[in-house]
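Here's the structure, in structure tokens; my notes come after.
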Amino acid sequence: MTNESPSVCPAVLSSEDSPQENGVHTNQYSSISPPASPVAQDEPFSTYFEERVPIPDSENQLFSFRKLWAFTGPGFLMSIAYLDPGNIESDLQSGAAAGFKLLWVLLVSTIIGLLLQRLAARLGVVTGMHLAEVCNRQYSTVPRIILWLMVELAIIGSDMQEVIGCAIALNLLSVGRIPLWGGVLITITDTFVFLFLDKYGLRKLEAFFGFLITIMALSFGYEYVLVKPDQGELLKGMFVPYCAGCGPVQLEQAVGIVGAVIMPHNIYLHSALVKSREVDRKNKKEVKEANKYFFIESAIALFVSFLINVFVVAVFAQAFYSKSNMDVVSVHDLFPLNNNTLEVDIYKGGIVLGCFFGPAALYIWAIGILAAGQSSTMTGTYSGQFVMEGFLNLRWSRFARVLLTRSIAITPTLLVAIFQDVHHLTGMNDFLNVLQSLQLPFALIPILTFTSLKSIMNDFANGLGWKISGGILILGVCAINIYFVIVYVTALNSVVLYVLAALLSVAYLAFVAYLVSYDCCFMSKLLSVDHYPGGIPVRCPSPPSIGFF
């Protein structure tokens, strides 16, 4: 299939052609075949799937807490991406720049994220394959490799943010005794130590991630109780979609929230994590039940992550909204002597919290940031493992995988930490948010396409409402992130960078157009199968040429 011309869709079998067993088509993949089980391959370094969690029986029960507990785990690991240092920095900056007025944007972004994670989980449950494996079977070689590289860029960018967050947290905890470059070096080794935790059992690993999320909740919750935000303003900002008196600065913060919350590699991660539960995919009832419980678990996990994000926004909205540099310059020389609006980041945020609310506030803030950085760097490693195995059929050990991505992430971060200062380190964070925003279409377009195909999803394919709303949703998210990128580039004030950005934009948009046109073939074929049993050949317009397709 992968060798066919991109202008002609691969064959899609009608669901009527597949034999049925217990209500589900046994040939559920049609033109794609399921991968061999990682357990069956006896890979000595296979990660995360060395055991599968059994699901208890509960006959004729509409809802079972025992089953929910058995399915609990993947959603909380996925939710950590909503709590990484990049998200925390976006939260505090939106609170300081717009007060409580952008909380509704955070709420809407989290809901959108939940809907997208639902699609990812359903793909993994129904097909037994994660998104990278399905992409491997649907795309031809060159676009598949480019797609892999784009996702790897997002993972490396996320890893750099986590390294920055951990280094800043260690610097704050040690009251400056551990320099930033020292914190960067420490993060090289600690992830290797933590990654070996999964040797003690899958449920223990998931419990450890739950412990890290609890630390974040307690740390940022403490700051919330200490600062005592105005609850009326908080609720108004959360449920009234309006931003009175907002200008370009607040608009950029709103766009930044969307870009920080919805992360491309997290879609790939969640579609793989759900494979850790024992679900008989030939049994329609079990598949339907798994989809239900995974959605409930994801909703609970993202609700917890939303509350933690709200804690951070509210703290900085109450304490530092409408403040200028002159209001805090007396407490630390980090801030310039002028009346410009106060600009804070993870590092400055910890300093001003300590100066205004006592040393405990600073240390607890740093503990929360450290937990956020450490947990998210571990899930990022798993994302990289799944993406590499899926796209390239490469089976690397965890050690080799971490060594590669960590080396790539550490090098530029370490150089900045040694030769520059914390301002440049946090400035790098803004660039990394832009980088990850650019990668969003390479997760959102495939996940909507594949979950809409009956040849892949059978009875669990998206309905017409999901296809239309999902398409509009993805178009809106991508448009918002492109705006975010444009704002960032125009602020650079360099003609050379403008020209370079323009050239890269042409290649980038051409590849996105290629994906859309290629996936349009799948969707057209789907419609032909729906209306003409047995299917009819459908040809889409040839995708734009970008030199090597």
Identify all side-chain donor-acceptor contacts of residues 102-115 below 3.5 Å with residues at least two apart in sequence or on another chain.
{"from": "W104", "atom 1": "NE1", "to": "K101", "atom 2": "O", "distance (Å)": "3.0"}
{"from": "S109", "atom 1": "OG", "to": "V105", "atom 2": "O", "distance (Å)": "2.8"}
{"from": "T110", "atom 1": "OG1", "to": "L106", "atom 2": "O", "distance (Å)": "2.8"}

Side chain proximity check, [X] to [Y], heavy atoms < 4.5 angstrom:
X: C135; Y: W148; value: no
X: S376; Y: S158; value: no
X: P85; Y: I346; value: yes
X: I364; Y: L226; value: no
X: L92; Y: V313; value: no
X: F76; Y: E297; value: yes
X: N458; Y: V126; value: no
X: L153; Y: M150; value: yes

How close do [X] and [Y] get, heavy atom to heavy atom, and via which atoms?
X: P56; Y: A70; answer: CD-CB, 3.7 Å
X: L172; Y: A366; answer: CB-CB, 3.8 Å
X: P74; Y: E206; answer: CD-OE2, 3.9 Å
X: A96; Y: V344; answer: CB-CG2, 3.8 Å
X: V125; Y: A290; answer: CG1-CB, 3.8 Å
X: L269; Y: S383; answer: CB-OG, 3.4 Å

Item to check | Interatomic spacing from CD1 in I155 to CZ in F386 - rounded to 0.5 Å | outcome: 10.5 Å
Checklist outcome for this item: To the nearest 0.5 Å, atom CZ of F220 lies from atom CD1 of I215 at 11.0 Å
Item to check | Within 45° cone and under 6.0 Å: R203 NZ/CZ vs W69 ring | outcome: yes
Partners of [X] by side chain to side chain donor-acceptor pair (under 3.5 Å), sequence neighbours excluded?
X: T451; result: N462
X: S94; result: none
X: Y224; result: Q231
X: D84; result: N87

Item to check | With sequence neighbours excluded, residues passing salt bridge (charged side-chain N to carboxylate O under 4.0 Å, His left out) with R66 | outcome: none
Item to check | Qualifying residues under salt bridge (charged side-chain N to carboxylate O under 4.0 Å, His left out), relative to E289, sequence neighbours excluded | outcome: K67
Main-chain N/O of [Y] paired with [X] side-chain donor or acceptor, under 3.5 Å:
X: R277; Y: V53; value: no
X: S90; Y: G86; value: no
X: E133; Y: H130; value: yes

Check this for me: [X], atom [atom1], are more than 12 non-hydrogen atoms of other residues, nucleotides or ligands nearer than 6.0 Å?
X: F63; atom1: CZ; answer: yes
X: K236; atom1: NZ; answer: no
X: K288; atom1: NZ; answer: no

Item to check | F294-F71 aromatic ring centre distance below 6.0 Å | outcome: yes
Checklist entry - Is the gap between the ring centers of F442 and F511 under 6.0 Å? => result yes
Item to check | Pairs satisfying disulfide (SG to SG under 2.5 Å), at least one member in residues 219-264, at least two apart | outcome: C243-C246
Item to check | E233 and K228 ion-paired at < 4.0 Å | outcome: no
Please set out all donor-acceptor pairs under 3.5 angstrom arising from side-chain atoms of residues 260-267, sequence neighbours excluded.
{"from": "N266", "atom 1": "ND2", "to": "M78", "atom 2": "O", "distance (Å)": "3.1"}
{"from": "N266", "atom 1": "ND2", "to": "Q117", "atom 2": "OE1", "distance (Å)": "3.2"}

Next on the checklist: Applying ring-ring contact (aromatic ring centres under 6.0 Å, His included) to Y222 and F311, what does each step give before you reach the verdict?
Outcome noted: CA-CA 9 Å; Y222 170 84; F311 289 160; over 10 Å; no
Next on the checklist: Holding to side-chain contact (heavy atoms from CB on, under 4.5 Å), I want the full list of residues that pass it with A317, two or more places apart in sequence or in another chain.
Outcome noted: F100
Checklist outcome for this item: Across all chains, not counting sequence neighbours, the side-chain contact (heavy atoms from CB on, under 4.5 Å) partners of Y242 are V240, A244
What side-chain donor-acceptor pairs closer than 3.5 Å can you find for residues 299-306, not counting sequence neighbours?
{"from": "S305", "atom 1": "OG", "to": "L302", "atom 2": "O", "distance (Å)": "2.8"}

Item to check | Residues W365, F316; criterion ring-ring contact (aromatic ring centres under 6.0 Å, His included); working and verdict | outcome: CA-CA 12 Å; W365 168 261; F316 284 84; 5.4 Å; yes
Next on the checklist: I'd like to know whether I213 forms a side-chain contact (heavy atoms from CB on, under 4.5 Å) with I308, so could you lay out the CA-CA distance, the side-chain angles of the two residues, the decisive distance to 0.1 Å, and finally the verdict.
Outcome noted: CA-CA 9 Å; I213 293 175; I308 295 173; 4.2 Å; yes
Next on the checklist: Using 30° and 60° as the class boundaries, would you call the ring planes of F357 and F320 parallel, tilted or perpendicular?
Outcome noted: perpendicular
Checklist entry - Is there a side-chain contact (heavy atoms from CB on, under 4.5 Å) between D91 and V315 once you walk through the steps? => result CA-CA 10 Å; D91 292 337; V315 165; over 6 Å; no
